[in-house]
Number of protein chains: 2
Amino acid sequence: MAKPTAITNDLRRLRFEADEMTQAELAKRVGVTRQTILAIEQGKYSPSLEVAFKIAQVFGVPLEQAFQYPGEG
Amino acid sequence: MAKPTAITNDLRRLRFEADEMTQAELAKRVGVTRQTILAIEQGKYSPSLEVAFKIAQVFGVPLEQAFQYPGEG
DNA sequence: TCACCATGTATGTTATTTTTGACATGACAT
DNA sequence: ATGTCATGTCAAAAATAACATACATGGTGA
């Protein structure tokens, strides 16, 4: 909803914990382009709900473990 | 990512369980317009991750309890 | 009947997300 | 030195989410 998104994520950590999966590999599995993964990791914007779900699914974690919304806990 | 979104939600049920909160009231609390809530309830499109988080927050439930992604388990 | 409220519909506009392609950099191996 | 790989940057365009406004409908109550 905003340019500097308030949502943070742990994609980077999750990728490295997942056998150092590359951005390209993650992008392929999620079904988006590499630039999209990169932009999300950098916090340029937050992904759509669908993409967020898919990312969490690839890592096998609940969505809230991949993406955090401040004020949530 | 597609027009007919694969994501389903329980906004309607959650609203009624929350003392029959109206669409307008939910919209106000979330910080979006009534049309946005209506469109989401009708599955016209899925909300942004940020709006999804806020909605779950209003109802005091985890995001996955408000929105479901098929194939999640 | 009349007013009000919640919901739904319709249309158009703006903002944001996502895509694609091209190019730059540092690390590493040949 | 050359090639490859992962990452990062930039920019334009397409797709989708969100906005605003107006209007329609069914229910409820005065």
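Labels below follow one simple rule: chain letters A, B, ... track the order of the sequence lines, proteins then strands, and each chain is numbered from 1.
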N/O (side chain, [X]) to phosphate O (OP1/OP2, [N]) under 4.0 Å:
X: Gln42(B); N: dT9(C); value: yes
X: Ser48(B); N: dT17(C); value: no
X: Thr33(A); N: dT19(C); value: yes
X: Ser46(A); N: dT17(C); value: yes

End-to-end axis angle, where each axis spans five pairs of the helix from dT1(C)-dA30(D) to dT30(C)-dA1(D), to 10°: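 Between the first-five-pair axis and the last-five-pair axis there is 30°.
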Rounded to the Å, how far apart are [X] [atom1] and [N] [atom2]?
X: Phe67(B); N: dA17(D); atom1: CZ; atom2: P; value: 12 Å
X: Leu26(A); N: dG8(D); atom1: CG; atom2: P; value: 13 Å
X: Glu25(A); N: dA6(D); atom1: CD; atom2: P; value: 10 Å
X: Leu11(A); N: dG8(D); atom1: CG; atom2: P; value: 12 Å
X: Leu38(A); N: dT17(C); atom1: CG; atom2: P; value: 15 Å

How would you label the contact of Thr22(A) with the nucleic acid (heavy atoms, under 4.0 Å): base, sugar-phosphate, or nothing?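 It contacts sugar-phosphate atoms only.
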Please determine, for the side chain of Glu41(B), which listed nucleotide (dA18(D), dT18(C), dG8(C)) has the closest atom?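 Comparing dA18(D), dT18(C), dG8(C) against the side chain of Glu41(B), the answer is dG8(C).
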Contact list (N/O, under 3.5 angstrom) for nucleotides 23-27 of chain C vs protein:
none

Ignoring hydrogens and geometry beyond distance, is the side chain of Gln35(B) in donor-acceptor contact with the base of dT21(D) at under 3.5 Å?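 Checked by distance alone, the answer is yes.
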